[in-house]
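Everything on this sheet refers to the single structure shown next.
No experiment lies behind these values; they were computed from the predicted model shown.
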Amino acid sequence: MATEIVLRVRQYNLAGTLDSGQAFRWQQVDDSWQGVVGAHAVRLRQTPEGLEARTQAPVAHWDWLRHFLQTDLDIAAVLQTFPADEPMRQAVAACPGLRLLRQEPWECLASFILSSTKQIVQIRQIVARLCEQFGEPCQGDARPCPSRAFPTPERIAAATEQELRDCKMGFRAPSLLAAAREIADGTLDLEKIRTLDYAGARAELMKLRGVGGKIADCVLLFAYGFDGAFPVDVWIERALQELYFPRRRASEKRLRHFAATHFGPHAGYAQQYLFHYMRTRSNPAAGPVAKTKPRTNEKS
DNA sequence: GCCCAGGTGAAGC
DNA sequence: GCTTCACATGGG
């Protein structure tokens with residue numbers, strides 16, 4: 001049993017990865033990142049050797065952490081499959097070592113149900129309230145700040161809509177409640193999703209209220225490892241429009257088709273680099289990003 | 001105050 | 001098929 005390990009890994013940008021809008025429970029504390037993986041409260045730190053991890057309570061092994069962080073993935077091999085165009089080159093250069101995590105499906109699904117038309121900072125706040133309210137405390141001494149596991153579907157299913165709304169999730173509360181109930185009563189089997197192909201898995205998730213194509217793709221990519229899933233949100237739509245179709249307005253359907261054919265077998269990875277690039281390329285001190293509202297056929 | 005946010009679903013044409 | 005709108009809430 002141990003509480004510390006160093007995971008030797010290269011080309012891993014821990015801060016970029018934990019802060020890139022795929023997971024919502026990681027908080028920077030000094031030079032470390034504090035979060036919860038399953039039932040484990042853990043603190044991570046980037047070192048020259050790799051990633052140093054410290055858990056709140058002793059653990060028998062570290063497979064759960066390697067899996068979550070995907071430290072065994074050959075990122076160089078993934079990058080080689082990206083199209084050799086200028087936007088991708090810049091996106092990768094903007095955050096070398098950016099990775100995809102492999103999250104627990106329920107937590108990922110629930111988090112992204114809560115994500116719609118919310119800024120990432122607000123999603124974090126809602127998820128934090130939800131965990132504080134309904135999550136089981138993690139083992140070990142949690143001072144100074146309490147750490148809790150993500151609440152189970154059963155626990156959420158047992159809550160009232162008003163209790164969920166009290167976590168400030170607004171109109172997303174009925175969707176979260178319905179999803180929790182379907183999983184708790186076995187109507188939806190999140191483990192079975194693993195056995196389906198991409199289209200089948202996506203269709204299965206989209207049966208849930210409040211889960212459309214975008215959220216389904218996020219869950220397929222961030223929790224199930226469908227690398228071809230390519231979530232298109234407002235940032236990615238803007239990225240594709242500006243970087244690949246600068247002269248004419250492309251329909252959403254056209255953008256989706258382009259995304260599905262241009263970025264290769266690890267399109268989801270490419271998407272994450274583009275997303276992070278778009279979100280961070282503007283200098284906050286220089287003011288907001290120029291928001292060009294999509295127009296119908298700008299005259300050049 | 002105003003605009004927008006890792007959207008979705010329903011209603012209108 | 002496409003466009004518009006409501007839906008809660010809060011950051012900037």
Side-chain angles (χ1 to χ4, degrees), chain A residues 16-26 91 95 98 100-101 103 107-130 133 161-179 182 202-223 226 229-242 249-257 259 267-297:
Chain A
T17 299
L18 296 178
D19 200 27
S20 62
Q22 48 180 323
F24 303 99
R25 297 206 62 196
W26 293 90
C95 191
L98 177 64
L100 288 180
L101 300 166
Q103 301 178 57
E107 175 172 346
C108 189
L109 172 63
S111 298
F112 277 96
I113 285 175
L114 300 177
S115 75
S116 70
T117 54
K118 274 291 176 195
Q119 297 182 127
I120 288 172
V121 57
Q122 296 174 331
I123 303 167
R124 286 202 196 99
Q125 292 167 1
I126 297 170
V127 169
R129 285 194 185 96
L130 191 69
Q133 197 66 34
E161 182 182 321
Q162 187 54 50
E163 286 178 311
L164 296 180
R165 282 183 183 265
D166 290 343
C167 296
K168 307 300 180 185
M169 65 184 70
F171 61 83
R172 304 155 194 83
S175 298
L176 180 66
L177 187 55
E182 286 206 20
R202 192 169 190 262
E204 196 65 18
L205 289 173
M206 286 177 67
K207 287 180 183 170
L208 292 166
R209 183 190 345 180
V211 178
K214 189 270 172 182
I215 289 176
D217 278 338
C218 284
V219 177
L220 292 174
L221 183 61
F222 301 141
F226 283 90
F230 193 100
V232 178
D233 74 323
V234 291
W235 288 98
I236 288 296
E237 190 175 339
R238 206 173 294 154
L240 297 180
Q241 186 69 58
E242 290 181 16
R249 167 112 157 82
S251 71
E252 193 201 322
K253 188 178 176 185
R254 175 148 178 75
L255 291 180
R256 283 196 52 82
H257 178 259
Y269 250 96
Q271 176 274 156
Q272 196 63 14
Y273 278 91
L274 286 171
F275 178 77
H276 192 270
Y277 172 53
M278 292 299 285
R279 281 216 319 135
T280 57
R281 66 175 179 170
S282 68
N283 179 0
V289 190
K291 306 228 159 133
T292 52
K293 193 160 185 157
R295 260 173 229 298
T296 49
N297 269 331

Do any N or O atoms of the protein come closer than 3.5 Å to N or O atoms of nucleotides 9-11 of chain B, and which pairs are they?
from  : atom 1 : to     : atom 2 : distance (Å)
B:dG9 : OP1    : A:G210 : N      : 3.2

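- Side-chain contact check for A:C95 versus A:T280: every heavy-atom pair is 4.5 Å or farther apart.
- Counted within 6.0 Å of CD on A:E252, heavy atoms from surrounding residues, nucleotides or ligands total 12 or fewer; the atom is thus considered open.
- For A:F230 and A:F275, the distance between ring centers is not under 6.0 angstrom.
- Summarising the geometry, the separation between CD on A:E237 and P on B:dT8 is reported as 12 Å, rounded to the nearest angstrom.
- For the P atom pair drawn from B:dG6 and C:dT3, the interatomic distance equals 23 Å after rounding to whole Å.
- The side-chain heavy atoms of A:V232 and A:L255, taken from C-beta on, include no pair separated by under 4.5 Å.
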Practice item. Using a 4.0 Å cut-off on protein heavy atoms (strictly under), produce a 5'-to-3' string for nucleotides 5-12 of chain C with B for base contact, S for backbone-only sugar-phosphate contact, and - for none. Key: --BBBBS-

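- Spacing between B:dA10 and C:dA8 at atom P, rounded to whole Å, works out to 15 Å.
- Nucleic acid contact for A:E252: none, since no nucleic acid atom lies under 4.0 Å from a heavy atom of the residue.
- Distance A:Y273 OH to B:dG6 C1': 18 Å, rounded to the nearest Å.
- Note on residues 209-222 of chain A: pairs passing side chain to side chain donor-acceptor pair (under 3.5 Å), not counting sequence neighbours, are A:Y198-A:D217, A:R202-A:D217.
- Distance A:W235 CH2 to B:dA5 P: 7 Å, rounded to the nearest Å.
- To the nearest whole angstrom, the two C1' atoms, one in C:dC5 and one in B:dC4, are 16 Å apart.
- Looking at heavy atoms from C-beta onward, A:I215 lies out of side-chain contact with A:L208 at the 4.5 angstrom threshold.
- If you measure from atom CD of A:Q271 to atom P of B:dG6, you get 13 Å, rounded to the nearest angstrom.
- Distances shown here put every side-chain N or O of A:R124 at or beyond 4.0 Å from the OP1 or OP2 atom of B:dA5.
- When rounded to the nearest whole Å, the span between CZ of A:R279 and C1' of B:dG6 equals 8 Å.
- Atom CG of A:L205 is separated from atom P of B:dT8 by 12 Å (rounded to the nearest Å).
- Base contact: A:F222 has a heavy atom under 4.0 Å from a base atom.
- Distance A:I113 CD1 to B:dG7 C1': 12 Å, rounded to the nearest Å.
- Counting heavy atoms from C-beta outward, A:R172 and A:L176 have side chains that stay 4.5 Å or more apart.
- Within 4.0 Å of A:I126, counting heavy atoms only, lies no atom of the nucleic acid at all.
- Within the 4.0 angstrom heavy-atom criterion, base atoms lie near A:S20.
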